[in-house]
Peer 1: 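One structure, as structure tokens, below. Some questions next.
One is the number of the first residue; the rest follow in order along the sequence.
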Amino acid sequence: MASLVSSPFTLPNSKVEHLSSISQKHYFLHSFLPKKTSPTFSKSPKKFQCNAIGNGLFTQTTQEVRRIVPENLKGLATVKIVYVVLEAQYQSALTAAVQTLNKNGEFASFEVVGYLVEELRDENAYKTFCKDLEDANIFIGSLIFVEELALKVKSAVEKERDRLDAVLVFPSMPEVMRLNKLGSFSMSQLGQSKSPFFQLFKKKKSSAGFSDQMLKLVRTLPKVLKYLPSDKAQDARLYILSLQFWLGGSPDNLVNFLKMVSGSYVPALKGVKMDYSDPVLYLDSGIWHPLAPCMYDDVKEYLNWYATRRDTNEKLKSSSAPVIGLVLQRSHIVTGDESHYVAVIMELEARGAKVIPIFAGGLDFSGPVERYFIDPITKKPFVNSVVSLTGFALVGGPARQDHPRAIEALTKLDVPYIVALPLVFQTTEEWLNSTLGLHPIQVALQVALPELDGGMEPIVFSGRDPRTGKSHALHKRVEQLCTRAIKWGELKRKSKAEKKLAITVFSFPPDKGNVGTAAYLNVFASIYSVLKDLKKDGYNVEGLPETSAELIEEVIHDKEAQFSSPNLNVAYKMNVREYQKLTPYATALEENWGKAPGNLNSDGENLLVYGKQYGNVFIGVQPTFGYEGDPMRLLFSKSASPHHGFAAYYSFVEKIFKADAVLHFGTHGSLEFMPGKQVGMSDACFPDSLIGNIPNVYYYAANNPSEATIAKRRSYANTISYLTPPAENAGLYKGLKQLSELIASYQSLKDSGRGPQIVSSIISTARQCNLDKDVDLPDEEKEIDAKERDLVVGKVYAKIMEIESRLLPCGLHIIGEPPTAMEAVATLVNIAALDRAEDDISSLPSILAATVGRNIEEIYRGNDNGVLRDVELLRQITEASRGAISAFVERSTNSKGQVVDNSDKLTSLLGFAINEPWIQYLSNTQFYRADREKLRVLFQFLGECLKLIVANNEVGSLKQALEGKYVEPGPGGDPIRNPKVLPTGKNIHALDPQAIPTTAALQSAKIVVERLLERQKIDNGGKYPETVALVLWGTDNIKTYGESLAQVMWMIGVRPVADTLGRVNRVEPVSLEELGRPRVDVVVNCSGVFRDLFINQMNLLDRGIKMVAELDEPEDQNFVRKHALEQAKTLGIDVREAATRVFSNASGSYSSNINLAVENSSWNDEKQLQDMYLSRKSFAFDCDAPGAGMMEKRKVFEMALSTADATFQNLDSSEISLTDVSHYFDSDPTNLVQNLRKDGKKPSAYIADTTTANAQVRTLSETVRLDARTKLLNPKWYEGMLSTGYEGVREIEKRLTNTVGWSATSGQVDNWVYEEANTTFIKDEEMLNRLMNTNPNSFRKLLQTFLEANGRGYWDTSEENIEKLKQLYSEVEDKIEGIDR
């Protein structure tokens, strides 16, 4: 059915020879061929090319397809019109209008040419545009909201504005709106005056938004203005009429519009009477169906018409048919560019769903959604799910959004909300050929912003024809969209007892001891708690065992058997014929993996699906990527396809088990990282093929919004956040504890004769604790004076306080078990340690410091320099903060430790200043005179935070998703910086990518950059570093609102400039005088996730760096220019290309794979790891050809790295540190730079730590030591892990493996770290047996890692230690295999 309705798609012949080989195959193009043709897969290897055609921009369409030059002049005056629009829907209506006028040829002949705003990026197109304006009569612009292009339009039109007869700009950025002029009517005062038009632009708190207020004006003003005599009023009236004609967009309306404007304002037509009719007005909002006789503004009337339709079957009219709501843009309907909408409506009806398609003329759809989708009497929704086909945020479209208003409307509606995408800036062919997928500006406007409303599933459903500009449906995509929308709707209609759920757990790296891996999560205990809850709720979970330990047993079958025997419980054997029948894309995997079944997840004949079924719930183990253990595969610069076992798993879940929904359990699996476009999947992209039609619900850690966003965009997940485990302070143990006692006695006895003696004990104990690497310790025998003694003690004291107060997540989180109030204390202390200027909240340390007449920043500096008095004062402040907050929390909880709704309690507390628990606590300390008002404001905020921390909606939200309801969206990130992340159980989103870096982020960045450069000068003989190689992470930039991005800008000396809508799309250089130092060159390695989320920011950085390279400045003051000139000369390229500094993976690939090689011990030597890094990370982004995607530029990458004097990374939140995850060493180029440098000198390696209010820059080796002391070697940490059992052993092993990773990439791990770890876990017999019995497989890996560290020369230890490890290894092997036998 659908294929009959949508417009046919033909490729213009001229372009075909440019297309990359792949797009000429049916394999890709079957997206929009009629359904009958089955795709033919060719056997020849496919070359993925990411070179853009032509000008390297995103779109190759040109204005010439929108140019009409009249033929018969009949001596009539010519009126030339130039227009610029955001989307092409006006193209066909305007073209038709002009052709009608020219055919009638009564008054004038019309010449017209139109530009899509995106085309103006192309220099040639822009030159033609300026030339076209020189002899134009009328200029029309609409929806110009992209700043850099808006400025281009402004500068071109400004030059001609006085000469032009009329300039009409409809809703756009203020800069462009000011160009309006119609006779005496002008908007040039916009922004300075009280004109009614300007009032529209004020940042109104009201939700209607700019365009809707404009619409209200449009409806009322003409009536009023008609009666005003002056010319001014008439001109204003004609402007408003123009807007009515334009918004009415049909060819008839546009004919009258052109007659009216040219008849009134073109001098050559003065005295010619041109009659025009009033605009035909359409409903501002209503319901539209292509077969309906009219538009409806009443749902009941529409449904009555629907029930009387003759062209449908009874099934569609029955009350049991699913109902899908669609949200459409009115401009597409009135301009007649609606074939893509028709296709979706027909496809849904063909699949048995009723459709209610609503539209609105403005940019606020929240009113119509409430009006037409909700039954006014019962307040229940008419629809089961809603699909917006506009691609825009629900309120505000491309201009200013009002997300709270949208969330309010969608919460009332309470059904799944899908936002599908029409291609706006690219033609279909350009999107298909692009490895990036969607245009970055479209990603920012139409993917990132709807996500803030809780929108899901950004599926591209329509393309656009390069010639006519008309939209057409992409059939395969429309099928995918409609099936998924109905599936989500079915969740609302099915009973709980019949719903089927597939829970998917991960196993990474592939090993028996690793089944059920997820960041910070006790997976099996969580699944068990969720299933118990679902069972109680009426789901069928038959045969669920009594405990979570038994659940592990049944899924893993036998925890102690080895991985290579099919010992995971086999849930299903799929033979090859069945696999091929169920998996249409199976042949596409053969190039990488040979014929099915292959040797992964297979027994040689069948493909095996591992897992266990309980009633209607299947718990399955997601197969792994498949090439972890193959060093040659890891070197490929692009990622391979999934293997047959991986595809078979998802085919089983969808087509044999027939899941109604899949629940991916924890952060994170590999589905969303499979090769394909970055955003805007085609049906040849693997994440899209694998997930198929199943609604995907995904538990994701709240502090990882960036990877959660990848899961949303690439695997269509509804991501539900879970809490990270409650943090505690690391505390002190063994020798460190002894040290703190010695320091305490030194402070009380330092002036007596025992001072020197205690100091020498402090020095020797510090040496035993290996603190001599971090603190410069004098010889114990050496006589030192009192002042120097204080300094040595101060420095040791500062170091151990740093260790003591470090935050650790303790243990693992269990879904549905929020922390108790007392467990939340450490988190609250850290929330209280940050100033929140925007909310007028002072930090607790600064309030306390002020009571003793000090500034907290000074105390931090003194503490860092080891000033004993300041170290002691800071400790007292920290202790008082903890005490005051504990007192407050105790008072807000009941005897069970639960937070009582403390609003009444708080009011009574806040009412009686004398009884406030924090005041009572502080009255016994030196801080008793603290400012009460500031404390009250702070504690009121902490009271709200406490409620959020202990609130628990993780299971509640999952149930909402499974019942087909709307899950409220919320930001992901660090709860300490941004408590709005809480409570968990929200549909996580990132942030508006154009909003960063913020001004506050730039301030923090300057401090870190100055400290980094100071530190490097000290270590580098007083010289500034010429180049710093650094990493940008997606999550970090979301949490800190772009701090590390701003650091790069400040190093090279540029600052971000925000536009009138507060979006950052430009940078400008900072003068050398203001900078006060040379510009430092950078080599930026963006993680694959950062590349996907912040491609606009990569563009910004690349523009900034190239701008700096072209500044006419002395080379000793501008290292970017110095190196770019040298490299341009060596490589024989121009300076701009030589200044390429922004690198990442190829599109659709992630990570350098060093982490996989290290985790699986599948590497030979460090050189091999460095080759992996170079082959996978040398893809550059080019702001001069942004449409080309990531292009390999390995020579420039190597040359730039060879100038690096320092490497640098950021740590921004307490939960994740250097050895917690493998990402950090995976991106570390320290040893690689040493090999590339001509002098072979090792660069300094630094880590900035902004996890506390007192930001630090430490060396990499200091940070690794701090990490080892606070985690791996800290009894509080490892006992916390072991208390979770099976998963805990794996967590310990993971930290040791990641430590080896740092040895491999940087060589910055001290020998004693391995030695102490061996003492802690291997020499202690009791510990050894606990590890061996709890999770023998992970224990075996731990032994293997120790032996590997020694074998690779990273750990030098006694022969007897090694013998013991070898003997233990064979014992564990026997134990694992013996039980198996």
Peer 1: Not counting sequence neighbours, list each pair that qualifies as a salt bridge (Lys or Arg N to Asp or Glu O under 4.0 Å) and has a residue in residues 968-979.
Peer 2: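 Listed once each, the pairs are Arg977-Glu1043.
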
Peer 1: Is the shortest heavy-atom distance from the side chain of Glu148 to the side chain of Val146 under 4.5 Å?
Peer 2: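 Sidechains of Val146 and Glu148: in contact.
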
Peer 1: Are the side chains of Pro979 and Val981 in touch, meaning some heavy atoms are under 4.5 Å apart?
Peer 2: no

Peer 1: Could you tell me which residues satisfy salt bridge (charged side-chain N to carboxylate O under 4.0 Å, His left out) with Lys152, sequence neighbours excluded, listed by chain and number?
Peer 2: Glu123

Peer 1: So do Glu430 and Leu423 actually touch side chain to side chain, heavy atoms under 4.5 Å?
Peer 2: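 SC-SC contact between Leu423 and Glu430 ruled out.
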
Peer 1: Heavy-atom distance under 4.5 Å between the side chains of Phe1181 and Met1190, does that happen here?
Peer 2: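 The answer is yes, as the side chains (C-beta and beyond) meet within the 4.5 Å cut-off.
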
Peer 1: Side chain to side chain donor-acceptor pair (under 3.5 Å) for Gln329 and Thr390? Distances and angles first, verdict last.
Peer 2: CA-CA 6 Å; Gln329 239 177 311; Thr390 66; 5.7 Å; no

Peer 1: Would you call the rings of Trp1033 and Tyr1224 parallel, tilted or perpendicular, where under 30° means parallel and over 60° means perpendicular?
Peer 2: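 Rings of Trp1033 and Tyr1224: perpendicular, over 60°.
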
Peer 1: Compare all side-chain heavy atoms of Glu451 with those of Thr709 and state whether any distance is below 4.5 angstrom.
Peer 2: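 Yes, side chains in contact.
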
Peer 1: Would you say the side-chain atoms of Lys677 pair up with the backbone N or O of Leu438, donor to acceptor, closer than 3.5 Å?
Peer 2: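 The answer is no, because no donor-acceptor pair under 3.5 Å joins these two groups.
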
Peer 1: Do NZ/NE/NH1/NH2 and the carboxylate oxygens of Glu175 and Arg178 come within less than 4.0 Å?
Peer 2: no

Peer 1: Look at Lys1006 together with Glu1074 and state whether they make a salt bridge at an N to O cut-off of under 4.0 Å.
Peer 2: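 Between Glu1074 and Lys1006 there is no salt bridge, as every charged N stays at least 4.0 Å from the carboxylate O atoms.
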
